[in-house]
Amino acid sequence: MKKKIEKFVRWFYSRRLKDKIRFLFLALVITYIVTLYFIYNFLVKKNMMEYVLDSNYNTMISIGNNLNVEFEVVDTMSQLIMTNSNVIEYLRDRGHENTRINNNAITAMYDISTKFNYVSSIYIFKEYKEYIHISRHLTNVDLSLVYSSLWRKEILEKRGACVIRVNGHGAFKKKFGEPLISVIRVINDIDTQKPIGIIVINLNIDILKNSFNDMTSDDRNFWYYAGGKNILDQNEEFEGLDEFRKMGIGKKEFDQSIKQGFGVTRVFSYYRVPNTPFVLAKIETVPFFRYFSVQAVVVIVIVIALSILCIVITGVFISAFITNPIERLMQFMNLEKPEFGEKGTGNRPALTSKENELMLKNSRLVEINQIMSELLEKEKAMRKAEMEVLQEQINPHFLYNTLGFIADLALEISADEIYDVVETLGNFYRKFLSKGSREITIREEVAIVQDYLKLQKLRYHDVFEDEYELQEDLLDFKVPKLILQPLVENSLYHGVRLKGEKGIIKISVYAKEGLLHISVYDTGVGMSLEQIRSIMNGDNKKSFGLKGTMDRIRYYFNVEDVFEIKSEEGKYCLVDIRIPI
């Protein structure tokens, strides 16, 4: 290898100055292209793919939550039906085909179901092979299967909770069209708490389609997978099924895989929707131009064009004012004549060539460093933009759930109470929007949390109590907007609610040892040391809300160590934000 290098050096120095400069410019262009490629592949593309994967995870979670919200609505409908007095009278009646009782129960079922979407048919089965139903589509029912002990086993074991099955595990089938989604639950006698019947609500397949309807595009497609088939079209296997099978679709709660292609990248993802038999599958095609905005592409093209133009101008300048004059001077002085001696003819041109080479190389290195600095600044700007986008996000599910809750309240309580709920929701969003400000005072941040918890209390009643310990002189300190609400939401949904007993959520603001402390404490299920370590290291993808919040605080205050988590499993969890005053 050393000999080859020495041979190349000798060859290079034997060339004329003009040839050396051309070779140098060719090397610079190649170096420039290779540098841009590595910057693109290992910086821009890598970071963009991380963003795509994180965004992809949150999209899948959001769709799964949308579907579960719809099933919660169906669950509410089933409760309204099974607690209706006419339906209870029908189930308790031991006569056979009592027309008046049957008609009253069917009328009640019809009146309640008209307020809900996606309903195809509703069946109520007594314990001794008698049933009533309403139907919007022709549906076949296999009574022998419905009354079999094997079919009923899982339903009875749920003790009143819903069981979701496709076509009721073969018990129901449309005469024409798509499959049905059956929501099944046992009906217990209010007095004896013994089973007196089973209610089956068959839903259209639109309940699955509409969960992701607004998120599909030409390069993003979704399917629901159940029982080894594409549930949205059981006659066809969905595109990319082989790739999903390699991933072991449904074995994990969530998984995703990247497949690189020429000019495009395909991301295969699946998410097992909790409490359902469905696996949401997604294929997203990420073309080359997705890695850059239109403005970024224009800037890069301009930079490349200007760089090439500068290289050409520099080459012309060197040729016109350095190499050509030197060649003319050599011809004029007739350096080839022997009177100058062999030593004179060999050293001077070589020396001039080396000096010019060093000058050109230094000039090119300065330009390359400038380009790299510009690209790195653009990368930092992109990261900042991502933080701002994250800051402007709030889970739309909270709004959907609250509106659904208000709709349920409308059936039960007075208009004044509903007005109070709607006014609280309006106050929450008005404070949250903050007239477009990216920073607000701690006082405003706490007010947002208070409205949020007030709405959650109205929804979940006695699940929790909220407490506040606030140092008054710190409440006008400005912080990035929406740093408390995600932590409080985690405390409620991943802490207190999971414990199954009434808990406490406590927000504290105080100063200690030159630091402002904003802490959220809950008496929920807590976390293990392994979970805490995973969150602190940023390895836990489920803690995306906490990670994004802490990243924004780090960026805003330019401090790395901004939070601490303390917890004991089954007892409590404390997230303490520490900000320099």
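Any value given below was found using the heavy atoms of this structure, including those in side chains, with hydrogens, waters and symmetry copies removed. In this chain, residues are counted from 1 in sequence order.
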Could you tell me the separation between the [atom1] atom of [X] and the [atom2] atom of [Y], rounded to the nearest 0.5 Å?
| X | Y | atom1 | atom2 | answer |
| --- | --- | --- | --- | --- |
| Phe254 | Leu280 | CZ | CG | 9.5 Å |
| Glu70 | Ser211 | CD | OG | 8.5 Å |
| Leu484 | Ile448 | CG | CD1 | 9.0 Å |
| Lys282 | Tyr270 | NZ | OH | 15.5 Å |
| Ser257 | Phe244 | OG | CZ | 9.0 Å |
| Asn65 | Asn58 | CG | CG | 10.0 Å |

Query raised in the report: Any salt bridge between Arg272 and Glu253, counting N to O under 4.0 Å?
Result: no

Quick one: salt bridge (Lys or Arg N to Asp or Glu O under 4.0 Å) partners of [X], sequence neighbours excluded?
| X | answer |
| --- | --- |
| Glu530 | none |
| Asp218 | none |
| Glu467 | none |
| Glu157 | none |

Give a yes or no answer on whether the side chain of [X] reaches the backbone of [Y] with a donor-acceptor pair at less than 3.5 Å.
| X | Y | answer |
| --- | --- | --- |
| Gln79 | Thr76 | no |
| Trp223 | Ile283 | no |
| Lys506 | Asp522 | no |
| Arg554 | Val559 | no |

Counterpart residues, side chain to side chain donor-acceptor pair (under 3.5 Å), relative to [X] (two or more places apart):
| X | value |
| --- | --- |
| Thr216 | none |
| Asn84 | none |
| Gln193 | none |

Requested in this report: Apply side chain to side chain donor-acceptor pair (under 3.5 Å) to the pair Asn202 and Ser120, showing each step before the final yes or no.
Outcome: CA-CA 5 Å; Asn202 291 316; Ser120 178; over 6 Å; no

Report task. May I ask you to check whether over 12 heavy atoms, not counting those of Lys502, lie within 6.0 Å of atom NZ? Result -> yes

Query raised in the report: Is there a side chain to side chain donor-acceptor pair (under 3.5 Å) between Thr441 and Asp476 once you walk through the steps?
Result: CA-CA 5 Å; Thr441 64; Asp476 292 324; 4.9 Å; no

Report task. List the steps, then state whether side-chain contact (heavy atoms from CB on, under 4.5 Å) holds for Tyr118 with Leu208. Result -> CA-CA 10 Å; Tyr118 310 120; Leu208 300 181; over 6 Å; no

Query raised in the report: Would you call the rings of Phe477 and Phe557 parallel, tilted or perpendicular, where under 30° means parallel and over 60° means perpendicular?
Result: parallel

Query raised in the report: Which of parallel (below 30°), tilted (30 to 60°) and perpendicular (above 60°) describes Tyr493 and Tyr460?
Result: perpendicular

Report summary line: Taking every heavy atom of Gly250 against every heavy atom of Val279, the minimum-distance pair comes out as CA-CG2, 4.1 Å

Query raised in the report: After noting the C-alpha distance and the side-chain angles of Lys457 and Asp466, does the key distance pass the side-chain contact (heavy atoms from CB on, under 4.5 Å) rule?
Result: CA-CA 9 Å; Lys457 273 188 177 181; Asp466 54 323; 2.6 Å; yes

Which residues share a side-chain contact (heavy atoms from CB on, under 4.5 Å) with [X], sequence neighbours left out:
| X | result |
| --- | --- |
| Met82 | Arg185, Ile187 |
| Asp111 | Thr107 |
| Asp473 | Gln471 |
| Arg159 | none |

Query raised in the report: Can you list every pair that meets side chain to side chain donor-acceptor pair (under 3.5 Å) and has a residue in residues 569-578, with sequence neighbours left out?
Result: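 Residue pairs passing side chain to side chain donor-acceptor pair (under 3.5 Å), neighbours aside: His517-Asp576, Asp561-Arg578, Glu564-Arg578, Glu568-Lys571.
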
**Report entry** Trace of the side-chain contact (heavy atoms from CB on, under 4.5 Å) decision for Phe563 with Leu487
**Finding:** CA-CA 12 Å; Phe563 78 108; Leu487 304 184; over 6 Å; no

